[in-house]
Every structure is written in C-alpha cells, then in structure tokens.
Amino acid sequence: MKTTDITRRQAVAALAGSALLAALHSRAFAQQQSQLPPIIKLVVGYSAGGPVDGAARLLAPALGQELGTQVIVENRPGASGSVGGDAVAKAAPDAAMLFFGASPTITINPNIQRKMPFDPMKDLTPIAPLVDYTNVLVVNKDLPVHSVAELLAYAKARPGKVFYGSAGIGASNHLSGALLEKMTGVQLTHVPYKGSAPALADVMGGTVTMMFDIIATSRPFIQSGKLRALAVTSRQRNRMLPEVPTMIESGVAGYDVGGWFGLYGPARMDPALVARLNAAAHKAMAREDIASRLREQGYEVWTGAAELLATKGQADRKLWATASKGIEAE
C-alpha cells in the first residue's frame, strides 16, 4: 500500500473523529443549556400582596410542577417594576432567575423614566405571555353623565375642571386618561395618588370625577351602585361586565388599551430553554383551577409563543410613547 493512501485514510479518519467529537460536545452543551436549576426565582417588581404578586404566586407552584423544579416568588419592588426587571436583566441566562413582568415595566417605563437601568426590549428574553386584563372607566355616581359621549361633552364644557385619579405619574391608568385627552381633544386634570385604592376611594367620595381602574377592584362598587361604569378599554366587552360597552363602541375609535403579565428571562437565553419554559408556562396556565381563579380577579389567560409576547411589547411601547409624550416619572 502506498504511503499516500495511508495518509489519506488517516486524514479521513481524523476528520470523522473530529466531527463525532464536535457533535458530542454540541449535544452535551445543548443538554447543559436546557437543564434547570433546582430552584428558580420568579422575580416580581412590586410589593407582596398586590395584584402582580398575587398572580405570580398563583402561577409559581404550577410552573414548578410542570418543570419538575421549585419555583419561588421573590419580591424586588421599586421604580414601577424596574428594580426587579433590572435584577433579572443582569442575571445569568440559565433560568435561575426569571421575571414576572407587568406590562407597565416593559412598555411604559422606557418612555417616562429618564434613568431606567435597562432596556426591556434588549436586555430581557421574552418567554411566554401569561395574562391580560382590561380597565374600566368609572365615574362618581352623582355625576350627571351616563355614557362616554356625555362625559366628553361634560368635560368640553368645563375644560380642566374634570379631574381623574390614578395610581401615580406614569401609571397605566394615568396614561389611559392622557390617551383619552389626545384622542378626543378634551382637557382633563390629572390627580396622582400613591396607589389605585385611594384614588378609587376619592372617585366614590367625589373629590375626583373619574378614573380608569382594573375591573376586579371596581366591579364590587359598580354592582353596589357606589360607582358608575361607562366603558371598558378593551376591543371586546369583558365577561365580568358584559353590559358595559367598550370605548370603541362608545365612539372613541381606536381606543384599545389593556395590560398584561408575561414571563421573561435574561438576554441571550438558549432557544431550547426558552421553548421548554414556554411549554411549561402554557400548560400551567391551562389548568382550570388557575384559569378560574384568574377570571374571578378580572384577568384572562393569555398564552402563545414567545414571539407573541415580544410583538405585543413592542406595539404597546409605541402606543404609550404617544400617550406619555411630555410626561416624566418623578
């Protein structure tokens, strides 16, 4: 046998061995990347006991069961969720720390926070949509209006003298009012509070005229007659208030505003790991016990691909950029 033949065979064998070794390394790396830590911290950017925290604590044990690991909620409140989001953005992309992101953190904060420590669109990996919700426009029961059209006429006749409350500057219910002003030309006066509860109390007391509030907290007062509901802010009517029209039905064309919660991880997460987490979140949210409890709180289950969450985040960020122009968080 010629020396050249031996050399050629050795070269072929070496190449085959290298290819096999590379394949084994690639498979091992992929398995390592898709492995989950024994404990996953599900970070909530708000204090314990609030609506975001409550939804996260409902999801965490079910998500842990689907993943075969332990998922615990960790509260890191501050800056409308930005403190918690920033912690996850700076974490390793191994799923040891995930973010239960509320839409204002993703879509509003970048528009109004001058020194936001991270960019949700660049520094987080969208994993799974989880929940969406809508607000309801409520007014004081003694206000002589019974529709959005009547409210707008009332406000136009009293420029700047119709007051609306919110959970604070830059909150979604603040920007819902700002958006209504921009879309209809009415001049309202914003009154920020430290939370939605005191604002809602002052609507009932007559200190402020109106506010946009989540359905779950307003519904009992609507049913008891302490508040009057004029419209919901979603494109379709809400099952908890089926008799209340939408803003679009009420004549404000294009007014389709809501909020949502989504599951995020740090940037540069492995796609296989994202797919695994997405599938587990989808199964957890499909459980009837979870879905029914969320519906009782005024939420709707919202599931789909990671790309759906990314697209929704980008679209809503543009929407709130319009509403928040000239507004800066304190």
Side-chain angles (χ1 to χ4, degrees), residues 32-48 50-53 55-57 59-60 63-64 67 69-131 170-172 259-278 280-281 302 304-321 324 328-330:
Q32 182 180 7
Q33 289 294 95
S34 62
Q35 287 178 349
L36 294 173
I39 296 178
I40 293 175
K41 292 181 179 180
L42 185 60
V43 176
V44 173
Y46 297 87
S47 300
V52 183
D53 175 74
R57 291 182 187 277
L59 169 68
L63 182 62
L67 292 170
T69 190
Q70 185 179 5
V71 179
I72 61 173
V73 173
E74 180 175 294
N75 299 91
R76 295 200 181 193
S80 299
S82 289
V83 171
D86 185 49
V88 175
K90 290 178 170 57
D94 57 2
M97 187 177 285
L98 302 176
F99 186 46
F100 190 87
S103 55
T105 307
I106 308 298
T107 64
I108 294 178
N109 289 5
N111 290 313
I112 66 171
Q113 290 186 359
R114 181 183 297 179
K115 296 181 180 180
M116 188 166 179
F118 72 105
D119 185 339
M121 300 302 167
K122 296 178 180 178
D123 301 328
L124 294 176
T125 297
I127 295 174
L130 299 171
V131 168
S172 61
W260 41 266
F261 304 147
L263 185 63
Y264 292 83
R268 299 177 298 280
M269 289 189 75
D270 181 70
L273 182 55
V274 172
R276 182 178 178 185
L277 292 167
N278 178 279
W302 178 45
E307 291 75 16
L308 176 62
L309 181 60
T311 300
K312 181 62 174 172
Q314 292 166 355
D316 281 7
R317 183 166 171 173
K318 291 180 181 178
L319 171 69
W320 291 126
S324 64
E328 185 175 309
E330 295 178 335

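From a predicted model like this one, the values you see are computed outputs, not experimental measurements.
- Between M269 and P266 the shortest heavy-atom distance is CG-O, 3.1 Å.
- With values rounded to the nearest 0.5 angstrom, N75 atom CG is found 12.0 Å from K41 atom NZ.
- Although no hydrogens or angles enter the test, the distance criterion places no donor-acceptor pair under 3.5 Å between the side chain of T69 and the main chain of G64.
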**Request:** In sequence, state the C-alpha distance, the side-chain angles, and the governing distance for R317 and D119, and then conclude on salt bridge (Lys or Arg N to Asp or Glu O under 4.0 Å).
**Result:** CA-CA 12 Å; R317 183 166 171 173; D119 185 339; 3.0 Å; yes

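- The backbone N or O of G259 lies less than 3.5 Å from no partner atom in the side chain of S103, so there is not a single donor-acceptor pair.
- Across S172 and P104, no two heavy atoms sit closer than the pair CB-CG, 4.5 Å.
- In this structure, the separation between CG on L42 and CD on Q70 is 12.5 Å, given to the nearest 0.5 Å.
- At least one side-chain heavy atom of T105 sits under 4.5 Å from a side-chain heavy atom of F99.
- Between Y264 and V88 there is no side-chain heavy-atom pair separated by less than 4.5 Å.
- S80 has its side chain within reach of Q113: a pair of non-hydrogen atoms, C-beta onward, lies under 4.5 Å apart.
- Considering every non-hydrogen atom in both A60 and V73, the closest pair reads CB-CG2, 3.9 Å.
- I106 approaches P110 most closely through the heavy-atom pair O-CG, 3.4 Å.
- With a 4.5 Å cut-off on side-chain heavy atoms, Y46 and D53 do not count as touching.
- A heavy-atom distance below 4.5 Å is not found between the side chains of I127 and L309.
- Considering every non-hydrogen atom in both G170 and I108, the closest pair reads O-CG2, 3.1 Å.
- To the nearest 0.5 angstrom, I39 atom CD1 is 12.0 Å from M97 atom CE.
- Side-chain contact between I112 and W320 is absent, with no heavy-atom pair separated by less than 4.5 Å.
- With values rounded to the nearest 0.5 angstrom, R276 atom CZ is found 6.5 Å from L67 atom CG.
- You'll find the side chain of I40 stays beyond 4.5 Å of the side chain of L63, heavy atoms only.
- Applying the side chain to side chain donor-acceptor pair (under 3.5 Å) test to pairs two or more places apart or on separate chains, those with a residue in residues 304-314 are K312-D316.
- To the nearest 0.5 Å, atom CG of residue N278 and atom CG of residue L273 are 11.0 Å apart.
- Between the side chain of N109 and the backbone N or O of A79 there is at least one donor-acceptor pair closer than 3.5 Å.
- The side-chain heavy atoms of K318 and T107, taken from C-beta on, include no pair separated by under 4.5 Å.
- Residues P93 and A267 come closest through the heavy atom pair CB-O, 3.5 Å.
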